[in-house]
Amino acid sequence: MKLYNTLSRKLENVVPLSGKNVRIYSCGPTVYDHAHIGNLTAYVYSDTLQRVVGAAGFNVTRAMNYTDVDDKTIRRSHEQFPQADPKVALTLLTDKYIAVFLEDMQRIGNDTKHVTFIRATDPKTMQGMRDLIAALHAKGFAYVADDGVYFSIDAYRKSGKVYGQLSEITAADTSEERIQNDEYDKESVHDFALWKTQKDGEPAWDFTLDGHDLKGRPGWHIECSVMSRQALGQPFDIHTGGVDHIFPHHENEIAQSTALEANPVMATVFVHSEHMLVDGRKMSKSLQNFYTLSDITNKGYDPLAFRVKVLQSHYRNSVNFTWESLDAAQNLLTNLRAWADLKHQKTAHNTSDELAESYANALRAIREALFDDLNTSLALGHLAQLANESETLGVHPEKIQPMLNIADQLFGLQLSERPTINDTQKSMIAKRQTAREAKNWAKSDQLRDQLKEQGIIVRDTTNGPIWQRT
RNA sequence: GGCGCCGUGGCGGAGUGGUUACGCAGAGGUCUGCAAAACCUUGUACACCGGUUCAAAUCCGGUCGGUGCCUCCA
């Protein structure tokens, strides 16, 4: 399969570093509030990457971090738990939003079972960060300042390595204004914090370096360098994130992770997803176009309709979220479900070879599209076409279930395990049919209404009644 | 200023140097107790201006517009 690698700015074949094993690290959320739909978009794409790499025949290992200590989490934890000890407050806040995040992930169909989630404040991560900072310091890549420990990009460059390979940033790119406004005590404007010493009221972890008492907390970038190495080893295969991570976050991760290594490669492929826009504009609270998943579900949309909406775009293009396009996604999801429900209904069964062949063809086209840099839009189009054709062609009784299983593996739309209706409901449909044949429209309509209340919609086709769950 | 992404029919949205993407919505028709679905027909899509070419929406250049990053950010 091919992926666009931000490092080379080209499509590249996925070639694992080790056998058939592909190790993926995804930058996860800062858990200080509900994720917004833009955040969730990025996770739908990275989840799809995990699914597709697996479907391509590789063994996937994936890790994702929780940034559970930073300015925002600390500020929020003070606001929400003003009486609590700072560390306790932080844990209360981040526990809450980790739970919310996991629930959102599951609601939109992301696989959370095959991902290792790691907290920045996990003791193992903390110790790893202290160790890495100390090692960087020992080799001259880090220096102690009044407010923390900084990474020296100058030292990194002097060691013969390239800083800025993802973003191609140069010193000239930093404006005069930024230099003048710089409030931190660092030697060069590019240098970034590895560790920040404690300010009043902040949660802090012990850290002693070269005789300095540096009780405080880690910087943002160091977390990912340590967690990815602890979980996956280094170098690993694929690093994912949003385009906003390219600089500075991933650039700095690479520098930290490779400063002490002969091989200056943190990960062989970097995959970055574009942002979601809402009504063609960046999401912002002031534009009132800032939504969470609950905002969507509270309007009656299925969370998986959001997934469909996201998958209808390509991850390297900005998705434009509009309510009208979410309507379209919801309708498509309903049609896909109606298709899946046909497997239970003999009147819709069709054992023709042509139908079996059309499944095989669609499957081939879907895999081809996904293996070509995750063309989810094209792939989903093929699936939708198959579902629409089933209205006239029916479904193949032996081939439909395997088809749905594979579709679920790739798209995560939960089509494969939809249950049949119960015996009472089946007999209601039969009674309704009898009533119709007797032209007892009042009774037949009444039965149809009753079924509808139970979430079963009945349609009359030339072959007989067909039901679908709403 | 530096580095990116993008501009496709009513709404979304792939893709491509010459051939229907697809989905959703709309109109007319067939079918139909009603409803729904399906099927048939239908809408003269590729921001603008130049250039290359037998042929460009697709390549090149420019213009305009949107959007993002430039140490909080999916």
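Atoms considered below: every heavy atom in the structure, side chains included; atoms not considered: hydrogens, waters and symmetry mates. Residue numbering restarts at 1 for every chain, and letters A, B, ... go by the order of the sequence lines.
- Following rounding to the nearest Å, D244(A) (CG) and U67(B) (P) show an atom-to-atom distance of 17 Å.
- Among the nucleotides G33(B), G12(B), A74(B), the one closest to any side-chain atom of K309(A) is G12(B).
- Of the listed nucleotides (G33(B), A74(B), A35(B)), A35(B) has the atom at the smallest distance from the side chain of R459(A).
- Remark: the backbone N or O of H396(A) is paired with a side-chain donor or acceptor of Y359(A) at under 3.5 angstrom.
- The gap from the C1' atom of U52(B) to that of G13(B) amounts to 30 Å, rounded to the nearest Å.
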Could you go through nucleotides 24-27 of chain B and list every protein N or O atom that sits under 3.5 Å from one of its N or O atoms, giving the distance for each pair?
unit_1 : atom_1 : unit_2  : atom_2 : d
C24(B) : OP1    : N335(A) : ND2    : 2.4
C24(B) : O3'    : N331(A) : ND2    : 3.1

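- For Q385(A), the side-chain atoms get nearest to C22(B) when compared with the rest of C34(B), C5(B), C22(B).
- Within the 4.0 angstrom heavy-atom criterion, only backbone atoms of the sugar-phosphate kind lie near T392(A); the bases stay farther away.
- Nucleic acid contact for T461(A): none, since no nucleic acid atom lies under 4.0 Å from a heavy atom of the residue.
- Counting all heavy atoms, side chain and backbone alike, D70(A) lies closest to R217(A) at CA-NH1, 3.7 Å.
- When heavy atoms are screened at a 4.0 angstrom cut-off, Y45(A) is found touching no nucleic acid atom at all.
- Here the side chain of T67(A) pairs no donor or acceptor atom with the backbone of T30(A) at under 3.5 angstrom.
- Residue S46(A) is classed as having no contact, given no heavy-atom separation below 4.0 Å to the nucleic acid.
- For K426(A) and W467(A), the positive end is not near the middle of the six-membered ring at less than 6.0 Å and at most 45° from its axis.
- Between the CE atom of M105(A) and the C1' atom of A74(B) there is a distance of 11 Å, rounded to whole Å.
- In terms of position along RNA chain B, the nucleotide closest to L277(A) lies nearer the 5' end than the nucleotide closest to the other residue of the pair I37(A) and L277(A).
- Judged by the 6.0 Å and 45° rule, R9(A) forms no cation-pi pair with Y4(A).
- Backbone-only contact: V319(A) has heavy atoms under 4.0 Å from sugar-phosphate atoms and none from a base.
- The nucleotide whose nearest atom lies closest to any side-chain atom of F247(A) is, among C69(B), C72(B), A74(B), C69(B).
- Below 30°, between 30° and 60°, or above 60°: for Y163(A) and F192(A) the angle between ring planes is below 30°, a parallel geometry.
- What separates CG of L393(A) from P of A37(B) is a distance of 18 Å, to the nearest Å.
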Close N/O contacts between protein and nucleotides 15-20 of chain B (under 3.5 Å):
unit_1 : atom_1 : unit_2  : atom_2 : d
G15(B) : OP1    : N375(A) : ND2    : 3.4

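- Ring geometry, W323(A) versus Y291(A): the interplanar angle exceeds 60°, so the pair is classed perpendicular (tilted spans 30 to 60°).
- When all heavy atoms of R51(A) and L410(A) are compared, the pair lying nearest together is CD-O, 3.4 Å.
- Taking only side-chain atoms of A42(A), from C-beta outward, the nucleotide of A74(B), C72(B), G33(B) with the closest atom is A74(B).
- When the P atom of C34(B) is taken as reference, atom NZ of K452(A) falls 17 Å away, rounded to whole Å.
- The N320(A) side chain lies nearest to G13(B) when the options are G13(B), G33(B), C72(B).
- In this structure, I366(A) atom CD1 and A14(B) atom C1' are separated by 14 Å, rounded to whole Å.
- Contacts of R436(A) with the nucleic acid, taken as non-hydrogen atoms under 4.0 Å apart, include base atoms.
- Side-chain N or O atoms of R307(A) include one that pairs as donor or acceptor with a backbone N or O of F411(A) at under 3.5 Å.
- Residue whose closest nucleotide on RNA chain B sits further toward the 5' end, between H221(A) and R448(A): R448(A).
- Distances were taken from every side-chain heavy atom of S325(A) (C-beta onward) to each of A14(B), C5(B), C11(B); the shortest belongs to C11(B).
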Would you sort out whether C27(A) and N65(A) count as a side chain to side chain contact (heavy atoms under 4.5 Å, CB included), showing the intermediate values? CA-CA 6 Å; C27(A) 281; N65(A) 71 294; 4.3 Å; yes
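- Counting to the nearest Å, the C1' atom of A74(B) and the OH atom of Y291(A) are 18 Å from each other.
- Contact between the side-chain N/O atoms of R9(A) and the OP1/OP2 oxygens of G4(B) is found at a separation under 4.0 Å.
- In this structure, the side chain of R459(A) does not engage the main chain of I466(A) through any donor-acceptor pair within 3.5 Å.
- Counting to the nearest Å, the P atom of A74(B) and the CG atom of N65(A) are 10 Å from each other.
- Residue contacts shown for G38(A) include a base, since a base heavy atom lies under 4.0 Å away.
- A gap of 15 Å separates the P atoms of A47(B) and G15(B), to the nearest Å.
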